[in-house]
2 protein chains.
Amino acid sequence: MVSRAYTDGAKISNESRKKVYEAAEKLGYRVNYLARGLQTRQSNLVGIVASALDTPFRARQVKMAAREFIRQGYRPMLMVAETPDEVEQLISLLFSYNVAGMLITSATPSSEIIVESNNLSVPVVLINRETEIVGPDKVQIDIQQAGKLAFDMLIRSGAKNLAVVRPVSPSFSVTGRSDAFVQHCSENGYSAQVFNAASQSYDSGFEVAGKIGLALDRIDGLFCTTDLLAIGVMDRLRADWNVDIPNGLQIVGFDDIEQAKWGSYQLSTIRQDAKEQACAAVDLMLDRIENPDRDPKIYLQTVVPIFRNTTQKSQ
Amino acid sequence: MVSRAYTDGAKISNESRKKVYEAAEKLGYRVNYLARGLQTRQSNLVGIVASALDTPFRARQVKMAAREFIRQGYRPMLMVAETPDEVEQLISLLFSYNVAGMLITSATPSSEIIVESNNLSVPVVLINRETEIVGPDKVQIDIQQAGKLAFDMLIRSGAKNLAVVRPVSPSFSVTGRSDAFVQHCSENGYSAQVFNAASQSYDSGFEVAGKIGLALDRIDGLFCTTDLLAIGVMDRLRADWNVDIPNGLQIVGFDDIEQAKWGSYQLSTIRQDAKEQACAAVDLMLDRIENPDRDPKIYLQTVVPIFRNTTQKSQ
DNA sequence: ATGAAAGCGCTAACAC
DNA sequence: GTGTTAGCGCTTTCAT
């Protein structure tokens with residue numbers, strides 16, 4: 001009886017429904033969605049597994065994903081995991097909550113856990129992660145395009161001697177765009193010096209800039225694979241080597257985080273749209289929920305050039 | 001039988017337990033925590049209601065809270081709300097998921113919803129929000145101490161003519177610390193000019209710096225109520241007025257976000273520890289869950305001075 | 001349109 | 001230590 005009042009399209013008179021609502025109001029009654037889910041055998045809980053949540057790009061990505069999930073009637077549980085081990089554990093936990101799906105934007109989970117998600121048939125979508133295991137849908141930037149774009153931006157702005165800064169630890173998206181850049185350079189008859197940074201962070205950029213400073217006479221165009229790296233590099237290069245950017249060195253970053261616009265940097269960069277990414281990911285998941293047996297899809301995201309003041313005006 | 005295998009301290013032989021586990025492994029069985037919660041009438045779901053998740057300080061705060069919840073065996077649902085209306089809606093939603101409690105770090109919810117949470121007896125903890133309604137536990141910075149500290153830092157560094165930048169829209173924590181600063185100035189025989197910024201953001205800082213630039217001859221010490229404001233102010237003041245910081249103007253920020261350390265800023269600031277804040281909040285909530293009838297508590301957080309390069313060395 | 005009963009996956013309580 | 005049963009809050013089905 002009460003149940004029908006809260007079920008759309010159930011057979012109940014408006015009169016009764018109104019009565020139920022009034023009584024509910026008085027008693028502070030709420031439908032228990034968890035119990036409902038038990039019966040209907042579906043859940044509108046989803047999981048978001050993320051690392052480095054306090055990093056500008058990731059924060060934006062997660063915010064957008066959470067909003068979109070909520071907008072679509074799903075409730076995201078937030079799992080923040082830094083290490084691969086943690087990722088595994090938390091994913092495993094999510095299984096026990098009967099999540100309708102999960103979105104992963106952190107370390108890539110191991111193949112076993114992906115297999116498990118296949119068996120339990122909970123949809124997984126990976127953002128900017130690579131894995132050979134089939135099953136999960138994926139949202140990825142077009143790393144080839146990204147590499148080409150970085151090359152084009154620097155060359156068209158007049159740079160001739162190229163270099164790239166990338167984190168040491170391999171990652172589909174970040175070292176991937178570096179590789180694509182290098183490859184594109186050599187295909188076009190340029191060589192690119194590569195600098196390895198410890199991670200993707202500002203600090204790593206600041207640190208590796210020590211090495212870049214030493215090589216300044218052989219470089220006039222630098223692709224930094226994340227904006228944070230770029231900003232760290234800029235700060236160090238200006239402070240310790242008094243480098244004039246863009247006249248002494250041109251820099252292109254990647255991500256287009258909020259800070260790239262800041263007056264001290266005005267970084268020319270390549271934007272990956274966090275909102276588009278997040279929405280694509282939840283769309284894929286919802287689509288998979290409706291249609292569990294379809295083949296895995298990849299949403300390939302196009303990346304766009306943003307010219308600010310760390311590159312020279314192209315003629 | 002199966003149930004006992006997964007219940008700590010249940011009467012079951014190790015042998016049986018092992019058998020159950022093995023069978024579970026083979027079948028891919030998982031305990032359904034939602035169903036368990038239905039029976040035990042308790043849930044380890046909690047809600048985190050946050051706005052401006054893509055802002056450095058908030059991102060860190062939410063990350064820490066989520067991690068701490070997970071560590072303690074709770075599962076946070078993330079609700080991102082920008083407007084007060086959204087906050088209400090999402091809180092209301094959370095009630096239907098039988099959350100064990102909720103942590104709010106966004107616009108302050110209206111009193112009705114607080115009353116409702118009291119009635120449903122779901123613990124609420126507010127971070128840096130004020131409300132006259134009793135019920136919720138609170139974690140707050142000590143705004144009096146904050147105001148005094150900002151004053152002391154500037155005065156001890158040799159500033160004589162003080163000013164403060166604050167967002168127009170009143171907020172317990174942010175305009176509160178501004179008010180405390182102004183009050184503390186006047187108690188000590190100083191006057192403080194106040195500049196109103198549109199919001200707490202970098203852009204607002206950048207914008208209001210237009211007005212500050214005009215008043216530069218009457219100011220040598222500036223308290224910016226958030227680091228983002230401070231950074232925006234610095235960028236504009238350097239670019240358009242060529243101000244020498246700290247020799248021409250000393251600046252103290254608030255929060256100690258990651259970017260405050262960056263080479264271009266090296267902002268002297270007042271740190272509120274996001275991790276401490278988050279942990280205090282979840283502690284309060286868990287304590288309230290165990291002891292639902294205790295009186296509301298306030299955790300008053302002490303704030304600490306960080307001297308970098310936007311203030312002069314005190315003698 | 002309404003009432004009654006069964007059952008979702010689980011635990012608690014009571015027998016043995 | 002183990003088997004059985006009732007019931008958490010809900011929806012669904014089958015009567016009425």
Side-chain angles (χ1 to χ4, degrees), chain A residues 1-47 73-75 77 92-101 116-117 119-122 289-290 292, chain B residues 1-47 73-75 77 92-101 116-117 119-122 289-290 292:
Chain A
M1 183 75 279
V2 171
S3 170
R4 284 195 257 254
Y6 290 95
T7 309
D8 288 337
K11 298 176 182 176
I12 188 176
S13 66
N14 285 340
E15 202 180 350
S16 312
R17 173 167 276 156
K18 182 164 288 179
K19 259 190 219 162
V20 171
Y21 279 25
E22 278 164 10
E25 176 82 11
K26 204 174 298 176
L27 301 172
Y29 168 85
R30 308 258 166 176
V31 198
N32 181 334
Y33 281 95
L34 265 26
R36 171 181 287 183
L38 195 58
Q39 168 66 7
T40 59
R41 343 188 92 270
Q42 45 171 293
S43 147
N44 45 15
L45 258 36
V46 294
Y74 288 80
R75 315 288 163 239
M77 296 175 53
S92 186
L93 256 178
L94 284 174
F95 288 137
S96 283
Y97 287 88
N98 256 17
V99 290
E116 188 156 14
S117 79
N119 292 342
L120 299 170
S121 68
V122 1
I289 290 173
E290 283 189 5
Chain B
M1 186 72 278
V2 172
S3 169
R4 283 196 260 254
Y6 291 96
T7 309
D8 286 338
K11 298 174 181 177
I12 188 175
S13 65
N14 285 339
E15 201 182 347
S16 314
R17 173 167 275 153
K18 184 164 287 180
K19 260 191 220 162
V20 171
Y21 280 25
E22 278 164 9
E25 177 81 13
K26 204 173 299 176
L27 301 171
Y29 168 85
R30 307 259 165 176
V31 198
N32 181 334
Y33 281 94
L34 266 23
R36 171 183 284 182
L38 195 60
Q39 167 67 9
T40 59
R41 340 190 93 271
Q42 43 169 292
S43 146
N44 45 14
L45 259 36
V46 294
Y74 288 81
R75 313 291 164 235
M77 297 175 52
S92 188
L93 256 177
L94 285 174
F95 288 138
S96 284
Y97 287 86
N98 257 17
V99 289
E116 189 154 14
S117 79
N119 292 343
L120 299 170
S121 68
V122 1
I289 291 171
E290 282 189 6

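Just so it is clear, the model here is predicted, and its values are computed rather than measured.
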For this session: Please report, rounded to the nearest Å, how far the C1' atom of C:dT11 is from the NZ atom of B:Lys11.
Result: 14 Å

Exercise. To the nearest angstrom, how far is B:Asp8 atom CG from C:dA12 atom C1'?
Worked result: 16 Å

Exercise. Just how far, in rounded Å, is C1' of D:dC10 from CG of B:Asn98?
Worked result: 12 Å

Exercise. In whole angstrom, what separates B:Tyr97's OH from D:dG9's C1'?
Worked result: 15 Å

Exercise. So which of residues 25-42 of chain A are in contact with DNA chain C, with a heavy-atom cut-off of under 4.0 Å?
Worked result: A:Leu38, A:Gln39, A:Arg41

For this session: Give the rounded distance in Å between these two atoms: CG of A:Leu120 and C1' of C:dG9.
Result: 15 Å

Exercise. Does a side-chain heavy-atom distance below 4.5 Å link A:Asn32 with B:Leu38?
Worked result: yes

For this session: Name the orientation class of the two ring planes belonging to A:Tyr29 and A:Tyr6 (parallel below 30°, tilted from 30 to 60°, perpendicular beyond 60°).
Result: tilted

For this session: For the pair B:Arg17 (side chain) and B:Arg4 (backbone), establish whether a donor and an acceptor sit closer than 3.5 Å, ignoring hydrogens and angles.
Result: yes

Problem set entry | For atom NZ of A:Lys18 and atom P of C:dA1, their distance in whole Å | 16 Å

Exercise. Are the side chains of B:Ile12 and B:Thr7 in touch, meaning some heavy atoms are under 4.5 Å apart?
Worked result: no

Exercise. Are a donor atom and an acceptor atom from the side chains of A:Arg30 and B:Ser92 found within less than 3.5 Å of each other?
Worked result: yes

Problem set entry | Gap separating the CG atom of B:Leu34 from the OH atom of A:Tyr33, nearest 0.5 angstrom | 14.5 Å

Exercise. Taking only N and O in the side chain of A:Ser16, is any of them less than 4.0 Å away from OP1 or OP2 of C:dT2?
Worked result: yes

Exercise. Rounded to whole angstrom units, what separation is found between the CZ atom of A:Arg4 and the P atom of D:dT13?
Worked result: 12 Å

Exercise. How is B:Ser3 classified with respect to the nucleic acid when contacts are heavy atoms under 4.0 Å: base, sugar-phosphate, or nothing?
Worked result: base

